[in-house]
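Structure first, then comments.
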Amino acid sequence: MKARAKDNKEQALLRVRDLCKIYGKSCEQCVTLTGPDMGGNMCPKCGSIVACAEISFDINCGEIVGVVGESGSGKSTLIRLLHFDQSPFSGRAYLNSYENARTDLLNLSDQKKRWIRNHQFGIVYQNPYHGLRMNFSCGGNIAEKLIAADWYNYGNIRGRATELLLQTELPLSRIDDLPKYFSGGMQQRVQIAKALANNPPILLLDEVTTGLDVSVQAQILNLIRHIQRSLKISMLLVSHDFAVIRMLAQRTIVMKNGRIVESGLTDQIMEDPQHPYTQLLINSML
């Protein structure tokens, strides 16, 4: 892996070390026999799929880190592992806002993981049907997140939902409407509002503009940029589109076949990509 040095004077908000996810029975050679240098992520010995391996990175406070790669590179698996939607094969993760980063999040009980997910993380999925209850109202979806984060006063919940709709530029008249009747772009806005409800220190964004019209994509990206600047929230942004990463991320991780092949400041990677795969991605964008 070719990585560039980065300034790490402040303690990282999130530190991830040696994260690995293997689908299948696995064997002792799964990691060594897969990856970009081996031409794929399927173990030729046991047939297991190494979705990601040897993944290590930091996210600083108020920073957007982009993760870019083609389908099957492992970037969405990374998001699901950090949100505890899936369990890792191995690895460690530390959050500065939880016990001062002294505790490995991935080794906690299910109950403590739920608490962290409800209080410390917000997530926006590629498919809104994964992040929203389509038969709950727009306000009801936001309320669900707030109740999980120990908000119980109806007036406060309603007030917070109203505030979030304004923040995500959704009409207040739609607060009691069902998201299943919304457009794709509006559904993503509701997801963003729900993800921000508990004031999380970090937001996980998984291909949030995929499948949207170009004009709607631009609106969602501008909204994300505005939210990050106004709230100073940290974000992990996953995308297959380098143009999205260039627009939003200060630092970029490039993944292929479940491995990080290059990482560094986004501007530096755009101007002088070192890995052939990164060069290919950038050239395809130009």
Side-chain angles (χ1 to χ4, degrees), residues 12-23 51-52 55 57-59 61 65 67 74-154 156-158 160-161 163-164 168 179 187-188 190-208 227 231 233-238:
L13 173 63
L14 177 69
R15 292 186 292 122
V16 177
R17 296 293 180 268
D18 299 319
L19 194 60
C20 178
K21 176 65 176 178
I22 300 175
Y23 296 103
C52 61
I55 303 298
F57 64 92
D58 294 348
I59 300 178
C61 293
V65 174
V67 183
K75 57 190 188 300
S76 290
T77 297
L78 171 61
I79 287 276
R80 296 186 187 105
L81 292 173
L82 293 177
H83 196 245
F84 312 125
D85 294 339
Q86 297 181 6
S87 299
F89 182 79
S90 61
R92 307 178 308 282
Y94 305 92
L95 192 62
N96 197 32
S97 55
Y98 180 77
E99 297 187 355
N100 292 319
R102 295 191 302 267
T103 302
D104 176 14
L105 305 180
L106 302 178
N107 201 34
L108 292 174
S109 66
D110 289 343
Q111 181 181 8
K112 289 183 178 180
K113 286 179 179 177
R114 281 194 298 272
W115 187 93
I116 291 169
R117 183 165 52 194
N118 292 332
H119 291 79
Q120 300 289 312
F121 286 139
I123 188 168
V124 180
Y125 293 96
Q126 175 181 344
N127 186 340
Y129 278 78
H130 294 156
L132 299 174
R133 294 182 184 269
M134 292 299 173
N135 290 315
F136 281 24
S137 69
C138 174
N141 272 278
I142 296 171
E144 180 185 36
K145 182 70 172 180
L146 289 171
I147 291 170
D150 303 324
W151 288 52
Y152 300 117
N153 181 279
Y154 174 81
N156 291 341
I157 290 173
R158 187 77 172 184
R160 177 63 173 156
E163 175 187 331
L164 288 162
T168 53
Q187 287 175 349
Q188 289 298 58
V190 178
Q191 269 211 98
I192 293 170
K194 182 177 180 179
L196 292 172
N198 58 337
N199 288 313
I202 187 164
L203 195 62
L204 307 173
L205 304 170
D206 186 13
E207 298 277 12
V208 293
I227 287 170
L231 300 180
I233 188 172
S234 299
M235 298 184 183
L236 183 65
L237 171 69
V238 162

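Predicted, not measured: the structure shown is a model, and the values here were computed from it.
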_Test side chain to side chain contact (heavy atoms under 4.5 Å, CB included) on Lys75 and Leu237; report intermediate values, then the result._
CA-CA 9 Å; Lys75 57 190 188 300; Leu237 171 69; over 6 Å; no
*Go through the steps to decide whether Phe84 and Leu108 satisfy the test side chain to side chain contact (heavy atoms under 4.5 Å, CB included), and finish with yes or no.*
CA-CA 10 Å; Phe84 312 125; Leu108 292 174; 5.8 Å; no
*Go through the steps to decide whether Arg15 and Asp104 satisfy the test salt bridge (Lys or Arg N to Asp or Glu O under 4.0 Å), and finish with yes or no.*
CA-CA 10 Å; Arg15 292 186 292 122; Asp104 176 14; over 6 Å; no
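Atom CG of Asp150 and atom CG of Asn198 lie 10.5 Å apart (nearest 0.5 Å). Atoms CG and CD1, on Asp18 and Ile55 in that order, are 9.5 Å from each other to the nearest 0.5 Å. With rounding to the nearest 0.5 angstrom, the CG atom of Leu13 is 4.5 Å from the OG atom of Ser234. Note that NZ of Lys21 and OG of Ser90 are 10.5 Å apart. Values are rounded to the nearest 0.5 Å. Between atom CZ of residue Arg117 and atom CG of residue Asp110 there is a gap of 8.5 Å, rounded to the nearest 0.5 Å. Taken to the nearest 0.5 Å, the CG atom of Leu196 stands 9.5 Å off from the CD1 atom of Ile142.
Here the side chains of Leu14 and Leu236 are not in contact, with every heavy-atom distance at 4.5 Å or above. Contact check for Asn199 versus Arg160: side-chain heavy atoms found under the 4.5 Å cut-off.
Closest non-hydrogen pair, Leu82 versus Phe121, comes out as O-CE1, 3.3 Å. Smallest separation of non-hydrogen atoms from Gln86 and Leu81: O-CD2, 3.7 Å. Between Gly122 and Pro200 the shortest heavy-atom distance is N-CB, 3.7 Å. Counting all heavy atoms, side chain and backbone alike, Glu144 lies closest to Lys194 at OE1-NZ, 2.9 Å. Residues Pro201 and Ile233 approach most closely at O-CG1, 3.6 Å, considering heavy atoms. Closest non-hydrogen pair, Pro179 versus Gln187, comes out as O-NE2, 2.9 Å.
Between the side chain of Asn127 and the backbone N or O of Tyr129, at least one donor-acceptor pair lies under 3.5 Å. Between the Arg92 side chain and the Thr103 main chain, no donor and acceptor come within less than 3.5 Å of each other. Of the possible donor and acceptor atoms, none in the side chain of Asn141 sits under 3.5 Å from a partner among the backbone N and O of Leu132. With hydrogens and angles ignored, the 3.5 Å screen pairs a side-chain donor or acceptor of Gln191 with a backbone N or O of Tyr125. Judged purely by atom type and a 3.5 angstrom limit, Gln126 has no side-chain atom pairing as donor or acceptor with the backbone of Asp206.
Checking Ile116, Leu78, Ile123 one by one against His83, the side chain to side chain contact (heavy atoms under 4.5 Å, CB included) holds for a single residue, Ile123.
Residues forming a ring pair (Phe, Tyr, Trp, His ring centres under 6.0 Å) with Trp151 (at least two apart in sequence, or on another chain): none.
In this pair, Tyr98 and Trp115 present their aromatic rings tilted. The plane angle is within the 30 to 60° band.
Note on Asp85 versus Lys113: no salt bridge recorded, every NZ/NE/NH1/NH2 to OD/OE distance being 4.0 Å or above.
A donor-acceptor pair shorter than 3.5 Å cannot be found between the side chains of Asn96 and Tyr94.
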